[in-house]
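Everything numeric here is computed off the predicted structure, so don't read it as measured data.
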Amino acid sequence: MARKTQKTNAELNSTSADAEPGRDTAGAAAWPDVDLGFMEKAIPTSPSFPVSTLPPAIEPLVSGLAAAKCITPAYVAPAVLGVFSGAIGNRWRIAVTPDEAEPLALFILNIGEPGSNRSSAIRVAPRALREAEAAIIADLAKAGPTASAEVSKARHQDSVRAIRQIVRERGMPFDIDDEEPPPPPLIVSDASGAGFIDEMQHDARGRVLVTDEFGSGSLAGPAESARTVLLKAFDGDRFDQRLKSSGHVSVPALLLTIIAATHPDRIQQIVGHIRNGACARFLWTYPAFELVHELPKESGPVNEFGKLAVELARSGGSNRSDRFFDTIELPADAHAKLTAASKAFTTGLDDLSGPLRDVHVRARQHALRLAGLFAVVEATASGKRPDAVTGEHVERAIALMGDFFLPMAARALSTTAYKPESPALQLARHLRRLGKATVNARDDIQRGTGSPLRELAAIGDALRELQLRGLIRPVERLRVGAGRPARDWMIHPALLDESNN
């Protein structure tokens, strides 16, 4: 074992074949041109968010919030769209056919490394949603306890379950709490399967899940039941399930909007857990990392943002027992534009694989929902009642999908094919972080702080590869007295150039 280590140390000390013994080769020859392409992460480039594609009622809110919060519109815009989707909830749907209505729920997922402001962007959501929630609760209080048929039915079911529980535990009737149950919230506080469904029994207006740690549990968990809930919550249909805690429950319309953020390292986990159809239901956002040093100086149009969310929460909706939403029409020209877009979105489908293929197949549905959301927001902001999705709304939605959300999905989902970096690539990144023109193999690599390599064999292989790539050059200096030459390596200036980082 000692002999192997000694041999490897000798390899670390070796110089190139044409180096002269006893000569300092540090500046003997000019550096060759090198290709640093192998250090680039193999993911598609990040598209810029096309702010001008947004309708006039939404564009100034996104631009104003992004500028005020010092956050890229690529993060802010999806969060704003998610807030409007959640505020609308199940109040409006698109009448695709006389018997088929498409809800406007969106699943938004902002992805980014720490410092990217991925979480800061979705923090614009809670305030606006809380204002909408307060408006909903106030309206329910004014309307009285019998204003909604589904609420009355849910309260009756709660009473029946309470009585059955008392009978099983041999309690007394006065064990029942005669206080009015609290009004149903808009923001989901417990999205872990049963708790989420239990909340949704109380009405059919929809809910919003806001989280900056998506993928560490809740609906992104591995349980099959959680995956089923995620699929059902996107479609907004009736949902019946038997729970251990409360027996059979019936949700009039299970509808959920998600506004979430997560780290790139969790994408593989999320895709693995929700692969069966749910992955394609998300609008993925993964902009290029830009470290922002500037602090926000103002709030931006938060008041206008919250006011519009409140108006959306108060628009539409029906108290009919068989349907809880109003509808807007989808004219023939909008149908035709979406059909053409679907063909464009699925061109070359056979060349796509895995979840990205599913995303492209479902892109038309996303465009339809975005167009419907644009129509409702534009009409509500103008003080009008929404009536139809126009061709312009559809064109904006199609452009947003084709120019931004589909390229972003390709970028985000490409990380699922990530392979561990080679020792040479890890070492190259370490040398660039060090920023030193000359390094010592022992002090800066084997024992260096933050070095990714510790094993002598791996270090030797990495040094040889980087030497073959022309990125490092051995420096041989004879010591005065006994001992091996110092294991120094000179670093190519191109590797240390910040513009290549």
Side-chain angles (χ1 to χ4, degrees), residues 51 53-65 76-96 101-106 108 124-140 142-143 147-148 186-187 203-208 236 253 255 257 259 300-320 323-331 334 366-397 400:
V51 178
T53 302
L54 296 171
I58 302 177
E59 187 275 331
L61 296 177
V62 170
S63 298
L65 288 170
V76 175
V80 169
L81 295 176
V83 168
F84 290 155
S85 168
I88 294 170
N90 201 24
R91 293 161 183 78
W92 290 99
R93 294 193 183 190
I94 305 170
V96 180
E102 184 75 21
L104 304 182
L106 300 178
I108 302 297
V124 305
R127 173 177 171 173
L129 291 172
R130 280 194 293 268
E131 292 182 22
E133 182 179 87
I136 294 171
I137 292 174
D139 292 345
L140 287 174
K142 292 178 182 178
S148 173
L186 176 62
I187 303 175
D203 72 348
R205 293 175 177 82
R207 296 289 184 273
V208 186
L255 190 72
T257 288
I259 308 173
V302 292
N303 293 331
E304 296 85 347
F305 183 36
K307 180 181 177 181
L308 184 50
V310 169
E311 292 173 351
L312 290 170
R314 283 177 165 162
S315 70
S318 171
N319 288 327
R320 288 171 48 183
R323 194 179 77 176
F324 316 114
F325 51 85
D326 286 324
T327 58
I328 55 176
E329 299 301 318
L330 187 68
H366 286 303
L368 173 61
R369 293 193 178 195
L370 287 170
L373 185 145
F374 291 164
V376 173
V377 172
E378 283 280 278
T380 303
S382 302
K384 301 177 182 178
R385 182 177 176 82
D387 57 1
V389 178
T390 67
E392 180 183 347
H393 295 139
V394 171
E395 289 174 357
R396 290 180 183 275
L400 196 55

**Where Gly236 and Ala253 come nearest, the two heavy atoms and their spacing** = O-CB, 3.5 Å
**Message:** Holding to side-chain hydrogen bond (donor to acceptor under 3.5 Å, both in side chains), I want the full list of residues that pass it with Glu131, two or more places apart in sequence or in another chain.
**Reply:** Arg127
**Asked** Would you say Leu400 and Leu81 make side-chain contact, with heavy atoms under 4.5 Å?
**Response** yes
**Val80 and Leu54, any side-chain heavy atoms less than 4.5 Å apart** = no
**Complete:** Residues at least two apart in sequence or cross-chain that pass side-chain hydrogen bond (donor to acceptor under 3.5 Å, both in side chains) with Ser315, listed by chain then number, are Trp92
**Residues forming a ring-ring contact (aromatic ring centres under 6.0 Å, His included) with Phe374, sequence neighbours excluded** = none
**Message:** Just so I know, are the side chains of Ile94 and Leu104 near enough to count as touching, which here means a heavy-atom distance under 4.5 Å?
**Reply:** yes
**Prompt:** Nearest heavy-atom pair of Leu368 and Glu102: which atoms, and what distance?
**Reply:** CD2-CG, 3.8 Å
**Closest non-hydrogen atom pair, Ala388 against Ile328** = N-CB, 4.1 Å
**Prompt:** Are side-chain heavy atoms of Leu370 and Leu106 found at a separation under 4.5 Å?
**Reply:** yes
**Asked** Looking only at heavy atoms, which two atoms of Ile108 and Gly82 are closest? And how far apart?
**Response** CG1-CA, 4.1 Å
**Message:** For a 4.5 angstrom cut-off between non-hydrogen side-chain atoms, does Phe84 reach Leu61?
**Reply:** yes
**Request:** Quick one: pull up CG in Leu373 and OG1 in Thr257 and give me the separation to the nearest 0.5 Å.
**Result:** 9.0 Å
**Closest non-hydrogen atom pair between Leu255 and Pro103, with its separation** = CD1-CB, 3.8 Å
**Request:** Take Leu312 and Val377 through the test side chain to side chain contact (heavy atoms under 4.5 Å, CB included) and record every step on the way to the result.
**Result:** CA-CA 7 Å; Leu312 290 170; Val377 172; 4.0 Å; yes
**Message:** Can a donor-acceptor pair be found, under 3.5 Å and without considering hydrogens, that links the side chain of Arg396 to the backbone of Thr53?
**Reply:** yes
**Item:** All side-chain hydrogen bond (donor to acceptor under 3.5 Å, both in side chains) counterparts of Thr380, not counting sequence neighbours
**Value:** none
**Asked** Side chains of Glu311 and Leu308: does their closest heavy-atom pair fall under 4.5 Å?
**Response** yes
**Asked** Just by distance, do the side chain of Arg369 and the backbone of Ala105 share a donor-acceptor pair under 3.5 Å?
**Response** yes
**Request:** Could you list the residues that satisfy salt bridge (Lys or Arg N to Asp or Glu O under 4.0 Å) with Glu378, not counting sequence neighbours?
**Result:** none
**Item:** Pair Thr390-His393, side chain to side chain contact (heavy atoms under 4.5 Å, CB included): steps then yes or no
**Value:** CA-CA 5 Å; Thr390 67; His393 295 139; 3.0 Å; yes
**Message:** To the closest 0.5 Å, what do you measure between CZ (Arg207) and CD1 (Ile187)?
**Reply:** 11.0 Å
**Prompt:** Any sub-3.5 Å donor-acceptor pair from Arg91's side-chain atoms to Ala313's backbone N or O?
**Reply:** yes
**Item:** Glu304: side-chain hydrogen bond (donor to acceptor under 3.5 Å, both in side chains) partners, not counting sequence neighbours
**Value:** none
**Item:** Heavy-atom closest contact (Ala79 atom, Val124 atom, distance)
**Value:** CB-CG2, 4.2 Å
**Asked** So do the side chains of Asp326 and Arg385 get within less than 4.5 Å of each other, counting heavy atoms only?
**Response** yes
